[in-house]
Amino acid sequence: MHLDLKITVPADILASDHELAQAAGRGVSNAVKRHLVERDRRGRSDGLPRTGYYGDAASGVTTEVSGNRAVVTIHKEGVALHYYGGVVYPTDGHKALAIPKSIQGAGKRPAEADPDHTKFALVWPKGEKTGTLRDKETDEVVYLLVSKATIPEDKTILPTESEMESAGTAAMEAIL
C-alpha cells in the first residue's frame, strides 16, 4: 500500500494570481525538500547507518497548482505513516515484521541480508510474541521479529506550519 503525504498551502496566503500560487508552492516545496535532506543528513537515532530514506522522500516531492491553490505532495511510502502514526502489520503471508537491530540488517530485508538462508538462525521461544534472527557465528541479534509495530506520530517529519508559511510568503514576495 502506498500513501502520499499532501501539504496544502492555505488559500489565505495565496493571491488569486496563478503565478503567485506557483511561487508559494515552489517555496513550500523547497522548504520541505531542504527539511527532509537535513533529516537524512543527521542520520538515525538508533545508531544504525543511514539508509537515505528521507533523501529519497525529498526527491519525491512534487507541486501541483490549480488556480490560486498549490498542493505539495511527498511521494514516498511510509512518510504519512511516520507523520500521522499508525500500526503496521505483516503482509504477503508473512507472520512477522523484521526490525533491523544491527549493521548487517540496516536498510535490508532479511532475504537480502541472508539470501541463502544460511547466515541467520531463527529464535522464537514458544509462547512469546517476539522472536529474533541472529547471526549464527556471533549470536548477534540482526533482526527483531514482531507481529505488529506501532509507529508513533512524528510531526517533525515536516517543517513547522510557520516555516512552510514563511517559505511560501518569501517566494511570493520574491516575484513581486
Side-chain angles (χ1 to χ4, degrees), residues 1-92 94 97-103 105-109 112-113 143-144 146-176:
M1 182 168 154
H2 184 78
L3 295 174
D4 289 336
L5 181 61
K6 295 186 180 206
I7 307 144
T8 301
V9 179
D12 61 347
I13 70 164
L14 297 176
S16 61
D17 182 35
H18 184 76
E19 195 170 83
L20 286 176
Q22 284 180 317
R26 275 193 311 272
V28 171
S29 177
N30 289 338
V32 169
K33 288 176 185 178
R34 281 191 303 272
H35 185 82
L36 292 168
V37 166
E38 175 58 24
R39 187 177 181 103
D40 195 59
R41 188 196 64 73
R42 284 194 312 262
R44 296 171 53 131
S45 60
D46 60 8
L48 293 178
R50 295 183 313 198
T51 62
Y53 176 81
Y54 289 104
D56 288 346
S59 64
V61 174
T62 61
T63 306
E64 292 181 35
V65 178
S66 177
N68 70 339
R69 183 171 182 227
V71 176
V72 177
T73 304
I74 304 170
H75 300 278
K76 177 67 175 170
E77 187 173 12
V79 173
L81 174 66
H82 286 284
Y83 186 77
Y84 294 111
V87 179
V88 179
Y89 296 94
T91 59
D92 299 329
H94 296 282
L97 300 169
I99 301 170
K101 290 295 180 182
S102 81
I103 292 174
K108 301 176 203 158
R109 297 173 188 264
E112 295 168 331
Y143 294 95
L144 179 64
V146 297
S147 59
K148 68 178 182 177
T150 302
I151 309 299
E153 174 184 290
D154 182 3
K155 298 298 185 192
T156 67
I157 296 288
L158 295 175
T160 64
E161 281 190 41
S162 173
E163 290 168 333
M164 289 189 283
E165 186 175 326
S166 292
T169 301
M172 287 189 299
E173 290 172 349
I175 66 165
L176 293 177

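Just so it is clear, the model here is predicted, and its values are computed rather than measured. Scope of the values below: all heavy atoms of this structure, side chains included, with no hydrogens, waters or symmetry mates.
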To the nearest 0.5 Å, how far apart are CZ in Arg34 and CZ in Arg41?
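Result: 14.5 Å between the selected atoms.
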To the closest 0.5 Å, what do you measure between OG1 (Thr63) and CD (Gln22)?
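These two atoms lie 10.0 Å from each other.
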Do [X] and [Y] have side-chain heavy atoms sitting under 4.5 Å apart?
X: Ile74; Y: Ile157; result: no
X: Arg39; Y: Tyr53; result: no
X: Ile175; Y: Leu20; result: yes
X: Arg42; Y: Tyr54; result: no
X: Tyr83; Y: Glu153; result: no

Could you pull out the closest heavy-atom pair between [X] and [Y], with the gap in Å?
X: Leu81; Y: Val87; result: CD1-N, 4.5 Å
X: Arg44; Y: Thr51; result: NH1-CG2, 3.7 Å
X: Thr62; Y: His75; result: OG1-NE2, 3.0 Å
X: Ser147; Y: Pro90; result: O-CD, 3.1 Å
X: Ala21; Y: Val65; result: CB-CG1, 3.7 Å
X: Ala57; Y: Val79; result: CB-CG2, 4.0 Å

Around [X], counting heavy atoms of other residues, nucleotides and ligands shown, do more than 12 lie under 6.0 Å from its [atom1]?
X: Lys108; atom1: NZ; result: yes
X: Lys155; atom1: NZ; result: yes
X: Glu19; atom1: CD; result: no

Please check: side-chain N/O of [X] versus main-chain N/O of [Y], any donor-acceptor pairing under 3.5 Å?
X: His35; Y: Thr156; result: yes
X: Ser66; Y: Arg69; result: no
X: Asp40; Y: Leu36; result: no

Not counting sequence neighbours, which residues clear salt bridge (charged side-chain N to carboxylate O under 4.0 Å, His left out) with Arg50? List them please.
none
